[in-house]
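Take a look at the structure set out below.
From a predicted model like this one, the values you see are computed outputs, not experimental measurements. Sequence positions, counted from 1, serve as the residue numbers for this chain.
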Amino acid sequence: MEKLSSRTSALRYFLILFLPTATVICSLLYLSHQYEQDIYVDNASTTQRILVRTLAQQLGNEIQSSVVPELLRLSEDPRLMPLLELRTTSSLDAFGAVMLGLARHHQIYDQIRLIDDQGQEVIRVNGHGSNAQRVSTDRLQNKSGRYYFEDTLRLDPKQVYVSRLDLNVEGGEVEQPFKPMIRIGTPVVDAAGRKRGILLFNYRAQKILDIIESRGQSDGAMVLINSEGYWLKGLNPDHEWSFMWPERRQYTFAQRFPTIWPSVQSNRSFQVLLSDGMLSGIQVDPFPENTAVDRYSAPHWVLGSWLPMRSLMQAPNKNLPFRIMIGTVFLVLALAASIALGRVISKRNKNHAQLRRANRSQSELIDQLKQAQAQLVQSEKMAGIGQLAAGVAHEINNPVGFVASNLNTFERYVEQLLEALNAHERLLADAHSLEQLREQVDQTAEQQDLAFLREDVGCVIAETQDGIRRIKRIVADLKGFARDSEDEWEIADLHQELERTLNLVNNELKYHCTLHKHYDALPQIECIASELNQVLVNLLVNAAQAIPEKGNITLRTGVEGNRIWLEVEDDGKGIDLADLDRVFEPFFTTKPVGKGTGLGLSISYGIIKKHNGTIEVRSRKGEGSCFRLTLPIKQRSNEQVDEKVMAEGQSA
C-alpha cells in the first residue's frame, strides 16, 4: 500500500512538473517562430517601401526630364511662327522636318501633331522609331471634339496639358495590340500672342509599364492604378484598362481591396498587411506642378508592390522542421527530468513528513522544557524570597514593634483623656462658682498631665503612620518581586526598580555594607520589570554575601547611545580566574552547600538575553567583583524577542 502511494505521489509530481514545462517549451517554439516571422515581415515591409519609392522616382524622372522640355522647346521653335502666319508649303515642310527628326531621334512618341485652333491637324508625324513618317495632307483628321484638344487649347502659353494614361483609340475602337498612351500638349501663339492651335505629343507609355515590369519580383507583383482606382497594371491582366470598356468598369482597386481604398486616396504613401498579403504603395506625380489637369482625373498614379502571404511565410516556414526537431528534443529531456524529479520530490516529501513528525515531537518536548524552565525560574525566585524572608521579617518587625508600642501608649493616653473628660463633667455638675471650677479643672489637668498628652499624641500618631507605610512598601515590593510574570512588557524607570530592590534586600546590606550610588539621568526603558527586579536582587545579594565582614557596594548607571548600563561592584572576596568563565553556567556555585542553588546567575543571564542585553563580569581574587548590565532603551517586536529566546533555549 505504501509503495502504491509512493508511485501515485511520483506520478502527481511528474505531471505537475512536465505539463507546465511542456507548455513553456511549446510556447517558446511558437514565440520564436512568430518572432522570426515578425522580423521577416518587418524586413519585407522596409524592402517594399524602398522598392516603390525608388521606382516612383525613376518613373517621374522618365517623363519630367525628356517629354515636357522637348514639347516646350518645339513650341518656341522659330520655324513655327511663319507657319502660323501664312501656312505655306515651305513653312509646312520646314516645321514638319523638325517634328520628323524629333520623332526619329527619341523613338518614344507614337504621334507628334500640330493642330490649328479649329481642331484640324496641320502636321502629323506617326512614330515608328527610326521609320517615323509624316502623314500626307489627305489623311489628316479633325480633332475638334476630342477632350485633349479642348483642354489644351484652354491653357495659357507655356502651360502644359497632360492627359490620363489610357489606350489609343482609332476609328472609335481600342487599337490592337494595346498602345498605352499619354497625351501631352501646349498651346501655340502667333506674333500677336493669339492662340493659333496646339502642339500634341502622344507618348508611348508602354515604356513606363516595361520599367515597372522589369522591377517586378519573382514572388510578388508590381501594380499601377490611376487616380480613379482603375488598374493600369494589375494582379489580374483581364482587369487592366477596364475603364476603356463600359461592361468591365467594375474591375477596380476598390473592388479588390475595399477596406483600404479610402486610405490609398487620402495618403501619399501607405503599407497594409492583409490576410492574404502585404501591399505597399506611393503616389507618383510624373509631371511638373504647373501642368494642367485633364477633365477626368488628377494626373497622378499609385504605384504599388504586392507580396502574397505565402511569400511572407516562406522563410519562417523553412525553419519550422528544425524548430519542431529542437522542441521534440527538449520535450524528451523535460520528460526524463520530470520523471526523475518527480521521484526525488516524492521521496523528499516522504522524508519531510517524517521530519515533521519528529519536529512535532521535538516541539512538544521544547514546550515541556519551557514549562520546566518557567517553573525553575519561579522556583529560584521563591528560593530568593525564602533567602530574604528573615531579613524582610526583621525589616517588618521593627515598624511592627514600635507601632504596637505606640498603640499601647495611645490606649493609655485615651484612657487618661477619657478620665479627664469625665472629671470635667463632674466638676461642671458640682461647681458652685466659676473660680472654684477653674481651680478644680487645673488640678485635674495636672493630675492627668494633659499638656504632655497634647504634645506627644501627634508624634505617636505620625510615628505609627510611618511604620505602617514602611510595612506597606516592603509588602508591595515583595509582592511585585514574587508575582509570576507573563511577559508583560512595560515602560519602567530603572532607578525606581533599583530602589524597590534595595528596599527588599536592605537587611542583607545595612549591617556590614556601605552603599554608594552614582546615578546618571536615565530614560525610561521597555522591559519586564519583575524579571529585572529578580536580576537586581540576585546581584545585590551575591555582592553582600561576597563581603565577609565590612565592605562597600557601589551602584553606577549611565547611557551609551540607545542603551543604558548598570554596574554592581563590591570589594569582597572576588572570584578565581579559573571559575570566572563558569559563573553563568546552571548549577555552578562557589558558595557552601545549602547557601545557593547555582541557578541565580544562569537565570539572570537568560533574562538579560531575553531583553536583548548583555551581562558581563570582571573580578580579581581578593579585590572584589563588578557585574555590568547593558539594556536597550527600546525593544524590537516581542515576536522577535520570543523567537530568539526560544532558539537559545533549544540550543541550550
Side-chain angles (χ1 to χ4, degrees), residues 373 376-377 380-381 383-384 387-388 481 494-495 497-498 501-502 504-505 508-509 512-520 522 525 527-528 531-561 563-593 595-633 644-645 648-649 651-652:
Q373 183 185 27
L376 189 61
V377 171
E380 177 65 16
K381 184 184 292 187
Q387 185 176 355
L388 298 174
F481 174 77
L494 183 63
H495 288 160
E497 300 303 322
L498 192 55
T501 305
L502 288 171
L504 285 177
V505 301
E508 294 284 334
L509 308 179
H512 67 293
C513 298
T514 301
L515 196 62
H516 304 277
K517 300 178 182 178
H518 301 285
Y519 294 168
D520 282 348
L522 296 182
I525 63 171
C527 64
I528 302 175
E531 293 187 352
L532 288 187
N533 288 339
Q534 185 174 353
V535 174
L536 296 174
V537 166
N538 188 272
L539 294 180
L540 289 168
V541 170
N542 284 353
Q545 292 177 350
I547 298 173
E549 294 181 0
K550 291 287 185 178
N552 298 284
I553 295 178
T554 304
L555 302 178
R556 303 184 189 90
T557 62
V559 182
E560 289 181 354
R563 303 174 76 85
I564 67 166
W565 56 269
L566 164 68
E567 288 184 348
V568 180
E569 184 176 8
D570 65 75
D571 55 2
K573 297 180 294 184
I575 305 171
D576 287 335
L577 185 62
D579 296 333
L580 199 59
D581 293 335
R582 302 184 60 197
V583 294
F584 297 114
E585 292 182 6
F587 304 110
F588 175 78
T589 180
T590 59
K591 298 176 183 178
V593 177
K595 291 292 185 179
T597 62
L599 291 174
L601 287 177
S602 175
I603 291 174
S604 297
Y605 181 86
I607 291 173
I608 297 303
K609 283 294 183 182
K610 179 178 180 180
H611 283 70
N612 296 301
T614 61
I615 179 170
E616 301 170 344
V617 59
R618 61 180 185 271
S619 180
R620 296 185 67 177
K621 188 67 175 177
E623 296 182 7
S625 304
C626 179
F627 285 82
R628 180 185 175 90
L629 308 180
T630 65
L631 294 168
I633 297 173
K644 184 174 181 181
V645 172
E648 290 181 353
S651 63

Might you work through the side-chain contact (heavy atoms from CB on, under 4.5 Å) test for Val583 and Tyr605, ending with a clear yes or no?
-> CA-CA 10 Å; Val583 294; Tyr605 181 86; over 6 Å; no
Ser625: partners by side-chain contact (heavy atoms from CB on, under 4.5 Å), with sequence neighbours left out | Asp570, Ile575, Ser619, Phe627
CD1 (Ile608) and SG (Cys527) are apart, to the nearest 0.5 Å, by 9.5 Å
May I ask you to test the Leu540-Leu555 pair for a side-chain heavy-atom distance under 4.5 Å?
-> yes
Nearest heavy-atom contact between His495 and Leu522 is NE2-CD1, 3.3 Å
All salt bridge (Lys or Arg N to Asp or Glu O under 4.0 Å) counterparts of Asp576, not counting sequence neighbours = Lys621
Any chance you could measure Thr554, atom OG1, to His518, atom NE2, to the nearest 0.5 Å?
-> 5.5 Å
Contact summary for Leu509 and Ala544, nearest pair of heavy atoms | CD2-CB, 3.4 Å
Taking it one step at a time, do Leu498 and Leu566 satisfy side-chain contact (heavy atoms from CB on, under 4.5 Å)?
-> CA-CA 10 Å; Leu498 192 55; Leu566 164 68; 4.2 Å; yes
Residue pair His611 / Val535, side-chain heavy-atom distance below 4.5 Å = no
Only counting residues at least two apart or in another chain, list the ones meeting side-chain contact (heavy atoms from CB on, under 4.5 Å) with Arg582.
-> Glu585, Phe588
Find the distance between CD1 (Ile607) and OG (Ser602) and round it off to the nearest 0.5 Å.
-> 10.0 Å
Tell me, with the steps shown, if Ile564 and Asp520 meet side-chain contact (heavy atoms from CB on, under 4.5 Å).
-> CA-CA 10 Å; Ile564 67 166; Asp520 282 348; over 6 Å; no
What residues, two or more places apart in sequence or in another chain, satisfy side-chain contact (heavy atoms from CB on, under 4.5 Å) together with Glu549?
-> none
Grab the two heavy atoms, one from Ile547 and one from Cys513, that are nearest each other, plus how far apart they are.
-> CD1-SG, 3.8 Å
Specify the closest pair of heavy atoms between Phe584 and Val617, including all atoms of both residues, with the distance to one decimal.
-> CE1-CG1, 4.2 Å
Determine whether Ile525 and Leu532 make a side-chain contact, defined as any pair of heavy atoms from C-beta on separated by less than 4.5 Å.
-> yes
Residues Asn542, Leu601; criterion side-chain contact (heavy atoms from CB on, under 4.5 Å); working and verdict | CA-CA 9 Å; Asn542 284 353; Leu601 287 177; 3.9 Å; yes
To the nearest 0.5 Å, atom CD1 of Ile603 lies from atom CG of Asn538 at 8.5 Å
Partner residues of Cys626 under the side-chain contact (heavy atoms from CB on, under 4.5 Å) criterion, sequence neighbours left out | Glu567, Glu569, Arg618
Taking only residues two or more places apart in sequence or in another chain, which ones pass side chain to side chain donor-acceptor pair (under 3.5 Å) with Thr614?
-> Thr630
Residues in side chain to side chain donor-acceptor pair (under 3.5 Å) contact with His512, at least two apart in sequence or another chain = none
Taking all atoms of both residues into account, what is the closest heavy-atom pair of Ala543 and Ile553, and its distance?
-> CB-CD1, 3.9 Å
Is the shortest heavy-atom distance from the side chain of Val537 to the side chain of Gln534 under 4.5 Å?
-> no
